[in-house]
Amino acid sequence: MQNDFNPFFKLEDIVPSLRQEFEKHSFRLDTVILAAVPVADPKVQVLVPAGRPRSDLCLTDGKAFCFWETDSLRALFRGNKQPPALGDYPEAYNDSFILLDLHALEVSKMFGDRWDAEMKEIYSTLRRRPDGKSLGFAHDYMWQAAALLLGTRVLSQAEYEAIMARLERSCRTFEMGITSRNYVATLRSTLGSATSAA
């Protein structure tokens, strides 16, 4: 009988420094592991971003936590593989899109739905200037999501840029004005049940 088990994270694809943290904390590779949203005081009713450096990642599987530090997204690019054309339904990098989309949902759950224009700018900046200056809390959190993506998947710079360009295009498609929040609303309707399980 063939085993169809396909873990979300593959140990051999994880960069050594992150793999060491995963092994130390016994994270299950078949569960979703996210960057924890850094808040100043989780016990207060109105949450406030913690303002920690984006290079200090706190990762969680919903039960355990581990810490990983990385200073550069560019340093995490691996190989020189060229991406396929990413059309309307890009299947080549589904797990990468899901990982980033879950982070967009997570930051929205904690601090309100992000505007389409904001997410478009975040993805554009992460594509054009991966290690550029911070645009604010949501950008820093998505930078951490990108670091987790690159730390757990073997992606070249070209593949990474194609993924970010496709996400930017999605936000542009959903954008109906400067205050529209359709991108996150669509993610919630398609991935909502996954976030409650994460």
Side-chain angles (χ1 to χ4, degrees), residues 7-29 31-78 95-114 118-119 121-157 159-161 163-164 167 184 187 195 198:
F8 193 70
F9 297 100
K10 296 179 178 135
L11 199 57
E12 63 272 12
D13 290 346
I14 300 173
V15 294
S17 61
L18 183 55
R19 183 182 320 139
Q20 187 176 17
E21 290 300 318
F22 275 23
E23 289 172 340
K24 199 185 315 180
H25 293 86
S26 301
F27 279 165
R28 288 183 39 207
L29 300 180
T31 61
V32 175
I33 297 168
L34 299 176
V37 179
V39 294
D41 183 357
K43 295 180 180 98
V44 298
Q45 191 171 12
V46 178
L47 298 175
V48 176
R52 290 189 349 212
R54 67 183 181 190
S55 59
D56 298 339
L57 282 76
C58 175
L59 305 174
T60 183
D61 62 359
K63 296 177 183 157
F65 292 90
C66 78
F67 295 91
W68 179 51
E69 186 174 329
T70 185
D71 294 324
S72 168
L73 295 181
R74 288 187 184 282
L76 296 171
F77 295 149
R78 295 181 270 172
D95 59 335
S96 298
F97 290 113
I98 288 171
L99 187 61
L100 292 166
D101 287 343
L102 288 173
H103 281 87
L105 280 173
E106 193 68 15
V107 73
S108 294
K109 180 172 77 174
M110 302 295 278
F111 296 102
D113 286 1
R114 310 323 300 165
E118 176 188 21
M119 292 306 296
E121 182 180 14
I122 287 170
Y123 291 133
S124 174
T125 302
L126 287 172
R127 174 180 56 82
R128 293 179 292 111
R129 294 184 305 278
D131 295 320
K133 72 176 196 164
S134 172
L135 300 179
F137 176 75
H139 172 259
D140 288 348
Y141 182 68
M142 293 308 295
W143 186 96
Q144 291 182 338
L148 178 61
L149 172 73
L150 291 168
T152 57
R153 289 168 172 58
V154 178
L155 293 171
S156 68
Q157 181 174 349
E159 290 174 298
Y160 169 82
E161 288 174 355
I163 290 166
M164 290 301 171
L167 289 168
V184 171
L187 292 180
T195 59

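A quick note: this is a predicted structure, and the numbers were derived from the prediction, not measured.
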Main-chain N/O of [Y] paired to [X] side chain as donor or acceptor, under 3.5 Å:
X    : Y    : answer
D131 : L73  : yes
R129 : R127 : no
R19  : L11  : yes
Y141 : A35  : yes

Could you check if a side-chain atom of [X] sits within less than 4.5 angstrom of a side-chain atom of [Y], using non-hydrogen atoms only?
X    : Y    : result
R52  : C58  : yes
M142 : Y123 : yes
E161 : R128 : no
L57  : F67  : no
E121 : T125 : yes
L167 : D101 : yes
L99  : H103 : yes
R153 : S96  : yes

[atom1]-[atom2] distance between [X] and [Y], expressed to the nearest 0.5 angstrom:
X    : Y    : atom1 : atom2 : result
C66  : E23  : SG    : CD    : 11.5 Å
T31  : D61  : OG1   : CG    : 5.0 Å
Q144 : L59  : CD    : CG    : 8.0 Å
Q20  : I14  : CD    : CD1   : 12.5 Å
E159 : L150 : CD    : CG    : 10.0 Å
L135 : W143 : CG    : CH2   : 13.5 Å

Check [X] against [Y] and note the closest heavy-atom contact, atom names and distance.
X    : Y    : value
R78  : V15  : CZ-CG1, 3.6 Å
M119 : A104 : CE-CB, 3.9 Å
A36  : F65  : CB-CE2, 4.3 Å

**OP:** Using the side-chain contact (heavy atoms from CB on, under 4.5 Å) rule, take I163 and L155 through it: C-alpha gap first, then chi angles, then the decisive distance, then the call.
**Re:** CA-CA 10 Å; I163 290 166; L155 293 171; 4.0 Å; yes
Original post:
Any side-chain donor paired with an acceptor under 3.5 Å for D140 and S134?
Top reply: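 There is such a pair between these side chains.
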Original post:
Mind checking whether F111 and F137 have parallel, tilted or perpendicular rings, split at 30° and 60°?
Top reply: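 Judged by the thresholds at 30° and 60°, the geometry between F111 and F137 is perpendicular.
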**OP:** Please work out which of the three classes, parallel, tilted or perpendicular, describes the rings of F27 and H25, given edges at 30° and 60°.
**Re:**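 Ring orientation, 0 to 90° scale: tilted.
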**OP:** Apply the test side-chain contact (heavy atoms from CB on, under 4.5 Å) to residues F9 and V32: give CA-CA distance (whole Å), side-chain angles for both, the deciding distance (0.1 Å), then the verdict.
**Re:** CA-CA 8 Å; F9 297 100; V32 175; 5.5 Å; no
Original post:
Looking at L148, V154, L149, T70, which one forms a side-chain contact (heavy atoms from CB on, under 4.5 Å) with L76?
Top reply: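 Among the candidates, only T70 passes.
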**OP:** Would you sort out whether L126 and H139 count as a side-chain contact (heavy atoms from CB on, under 4.5 Å), showing the intermediate values?
**Re:** CA-CA 8 Å; L126 287 172; H139 172 259; 3.9 Å; yes
